[in-house]
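The chains referred to below are lettered A, B, ... by the order of the sequence lines, with proteins before strands, and numbering in each begins at 1.
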There are 2 protein chains.
Amino acid sequence: MTSNAKTKAPPETPAYLSRIGEAEAAIRRTADRLTQPRVAVLACLMSLDHAASHFDVAQALVNHHPIDRVTVYRVLEWLVEVGIAHRIAGDDRVWRFMINDPTASIAPHHQHAHFTCNSCGQTFCLDDVPNKLNFRLPSGFKPSTVDLKFRGRCLHCA
Amino acid sequence: MTSNAKTKAPPETPAYLSRIGEAEAAIRRTADRLTQPRVAVLACLMSLDHAASHFDVAQALVNHHPIDRVTVYRVLEWLVEVGIAHRIAGDDRVWRFMINDPTASIAPHHQHAHFTCNSCGQTFCLDDVPNKLNFRLPSGFKPSTVDLKFRGRCLHCA
DNA sequence: TACATCTAACAACTCAGTTGCATCTAGCGC
DNA sequence: GCGCTAGATGCAACTGAGTTGTTAGATGTA
């Protein structure tokens with residue numbers, strides 16, 4: 001990256017680079033292999049406070065860790081499989097991914113809440129869903145998981 | 001439809017046919033045109049107690065009212081636009097549609113709950129979401145709508 | 001270091017949903 | 001009842017997210 005095509009310097013140190021070590025440690029804790037794409041994708045998710053699509057991740061890594069889009073899909077799927085991340089179905093038919101809260105690692109996200117901002121479009125993960133919502137299901141319905149989704153304005157756009 | 005190609009009689013009167021009149025009346029209440037596809041699609045949705053995808057609708061109508069799939073998409077979108085139906089984003093990246101409760105026609109479905117059955121895969125609409133769930137959002141988040149989604153076993157599969 | 005196994009990259013594919021455009025028709029005026 | 005016109009339908013082609021198959025390459029272990 002030279003200066004001939006750009007007039008002002010791009011941000012040369014993306015936030016996710018500082019999470020590389022943390023990501024490596026988390027991947028080592030799984031029984032699976034430590035690879036560059038896994039580290040980069042996980043570090044990227046760790047650096048965000050909101051859910052990211054496969055495209056967001058690939059875009060964030062394109063300068064320092066260019067990764068094939070199929071690999072991004074597979075790594076994200078693997079992160080969900082090993083319990084490091086979870087996926088969120090958006091309104092635009094796009095999966096978004098977010099790191100699980102490590103403090104809730106035993107039964108991650110069986111009770112879940114998300115907030116999607118109508119202004120910036122980002123989805124945030126809200127933990128601490130109470131075990132008993134004051135909602136009465138019709139008789140005959142036996143729920144096993146609950147997903148609570150809010151829409152409105154996030155703290156950045158308020 | 002004669003008996004030469006079939007050995008046993010198919011169900012010749014799909015449930016939606018009995019809703020044709022009701023559907024026509026609802027469409028007349030809008031300012032828009034009364035067309036065969038609109039009537040058929042709306043009658044089909046009216047005959048179901050669960051949410052249907054565009055494919056489900058097209059499939060249900062294929063014998064008596066074969067409709068182009070693009071038209072199904074457009075009619076479903078129109079039904080949402082005029083407030084007769086609403087759409088639900090599923091976990092399989094497929095939109096599903098369901099009639100709005102006419103008794104809640106003023107502010108339809110700003111507070112909404114759905115139940116997706118892990119066994120039969122169908123999505124049901126649960127009305128009567130309380131105005132105040134006992135859930136505290138982090139400060140800075142200003143919600144305008146809530147969508148509560150349960151997963152488990154429905155009353156048919158329990 | 002050699003090897004077996006798992007992973008990444010590439011290409012091609014599937015499928016839900018969209019767009020463009022020509023044709024048709026519901027509803028209105030006459 | 002007839003003709004006109006805005007708006008709806010049907011067809012074909014497209015888009016874009018996500019998946020699958022296969023081969024080459026990287027990883028961890030003996």
**Student:** Less than 4.5 Å apart, any side-chain heavy atom of A/D32 and any of A/I27?
**Tutor:**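 The answer is no; the side chains never approach within 4.5 Å.
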**Student:** Map A/P66 and B/F55 onto DNA chain C by nearest heavy atom, then report which one ends up closer to the 5' terminus.
**Tutor:**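 Checking each residue's closest nucleotide, the 5'-ward one belongs to A/P66.
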**Student:** Hydrophobic clustering (ILVMFWY, side-chain heavy atoms < 4.5 Å, transitive) - are B/V94 and B/L45 grouped together?
**Tutor:**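 In one cluster: no.
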**Student:** Test B/F97 against every option in B/L76, B/L79, B/L48, B/V75 by the side chain to side chain contact (heavy atoms under 4.5 Å, CB included) rule and name the one that passes.
**Tutor:**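 Result for side chain to side chain contact (heavy atoms under 4.5 Å, CB included) with B/F97: B/L76.
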**Student:** In whole angstrom, what separates B/D92's CG from D/dT19's C1'?
**Tutor:**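 Taking CG of B/D92 and C1' of D/dT19, I get 15 Å after rounding.
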**Student:** Same cluster for B/V70 and B/W95 if Ile/Leu/Val/Met/Phe/Trp/Tyr side chains link at under 4.5 Å?
**Tutor:**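 Hydrophobic grouping puts B/V70 apart from B/W95.
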**Student:** Identify the 5'-most and 3'-most nucleotides of DNA chain C with at least one atom closer than 4.0 Å to a non-hydrogen atom of chain A.
**Tutor:**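 On DNA chain C, the outermost contacted nucleotides are C/dT5 to C/dG17.
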**Student:** Quick one: are A/P14 and A/N63 in side-chain contact, heavy atoms under 4.5 Å?
**Tutor:**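 Contact flag for A/P14/A/N63 side chains = no.
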**Student:** Starting at atom CG of A/D68, determine the distance to atom C1' of D/dT22, rounded to an integer number of angstrom.
**Tutor:**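 In whole Å, D/dT22 C1' lies 14 Å from A/D68 CG.
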**Student:** For B/R38 and for B/V70, find the nucleotide of DNA chain D with the closest heavy atom, then tell me which residue's nucleotide is more 5'.
**Tutor:**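 So the residue in question is B/R38.
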**Student:** Each nucleotide in nucleotides 25-30 of chain D should get exactly one letter: B, S or -. Can you fill that in based on protein heavy atoms under 4.0 Å?
**Tutor:** -BBS--
**Student:** Going by atom type alone, with no hydrogens or angles, which donor-acceptor pairs under 3.5 Å involve a side-chain atom of residues 49-57 of chain A and a protein atom two or more places apart or on another chain?
**Tutor:**
residue : atom : partner : partner atom : Å
A/D49   : OD2  : A/H156  : NE2          : 3.3
A/H50   : ND1  : A/Q122  : OE1          : 2.6
A/H50   : NE2  : A/Q122  : OE1          : 3.0
A/H50   : NE2  : A/Q122  : NE2          : 3.4
A/S53   : OG   : A/F55   : N            : 3.4
A/S53   : OG   : A/D56   : N            : 3.1
A/S53   : OG   : A/D56   : OD1          : 3.4
A/S53   : OG   : A/D56   : OD2          : 3.1
A/H54   : NE2  : A/Y73   : OH           : 3.0
A/D56   : OD2  : A/S53   : N            : 2.9

**Student:** Can you pull out the residues from residues 41-52 of chain B that lie within a 4.0 Å heavy-atom distance of DNA chain D?
**Tutor:**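 Within residues 41-52 of chain B, no residue comes under 4.0 Å of DNA chain D.
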**Student:** Only pairs at least two apart or in different chains count here, so list each ring-ring contact (aromatic ring centres under 6.0 Å, His included) that has a residue in residues 13-40 of chain B.
**Tutor:**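 Listed by first then second residue: B/Y16-B/H65.
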**Student:** Rounded to the Å, how far apart are B/Y73 OH and D/dA8 C1'?
**Tutor:**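 Nearest whole value for this atom pair: 18 Å.
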**Student:** Rounded to the nearest Å, what distance is computed from the CZ atom of residue A/R93 to the P atom of nucleotide D/dG18?
**Tutor:**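 One finds 8 Å between P of D/dG18 and CZ of A/R93, rounded.
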**Student:** Round to the nearest Å and state the distance from A/D56 atom CG to D/dG16 atom P.
**Tutor:**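 A/D56 atom CG is separated from D/dG16 atom P by 16 Å.
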**Student:** For B/H65 and D/dA8, give me the distance from atom NE2 to atom C1', rounded to whole Å.
**Tutor:**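 Going from B/H65 (NE2) to D/dA8 (C1'), I get 16 Å.
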**Student:** Relative to each other, are the rings of B/F124 and A/F141 parallel, tilted or perpendicular (30° and 60° limits)?
**Tutor:**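 Rings of B/F124 and A/F141: perpendicular, as their planes differ by over 60°.
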**Student:** Reckon B/W78 touches a base, only the sugar-phosphate, or nothing at all at heavy-atom distances under 4.0 Å?
**Tutor:**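 Nothing: the residue B/W78, judged by heavy atoms under 4.0 Å, touches no strand.
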**Student:** Could you report the tightest heavy-atom contact between A/L34 and A/R28, atom names first, then the distance?
**Tutor:**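 Between these two residues, the closest heavy atoms are CD2-NH2, 3.3 Å.
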**Student:** Would you kindly give the CZ-to-P distance between B/R74 and D/dG10, to the nearest whole Å?
**Tutor:**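 Whole-Å distance recorded here is 10 Å.
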**Student:** For residues 73-98 of chain B, which residue pairs qualify under salt bridge (Lys or Arg N to Asp or Glu O under 4.0 Å), counting only residues two or more places apart or in two chains?
**Tutor:**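 Matches after skipping sequence neighbours: B/D91-B/R151, B/D92-B/R96.
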**Student:** A/R69 has an atom CZ; how far is it from atom C1' of D/dG16, in whole Å?
**Tutor:**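 About 8 Å, once rounded to whole Å.
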**Student:** Is any side-chain heavy atom of A/L155 closer than 4.5 Å to a side-chain heavy atom of B/P138?
**Tutor:**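 They are not in contact (no side-chain heavy atoms under 4.5 Å apart), so the answer is no.
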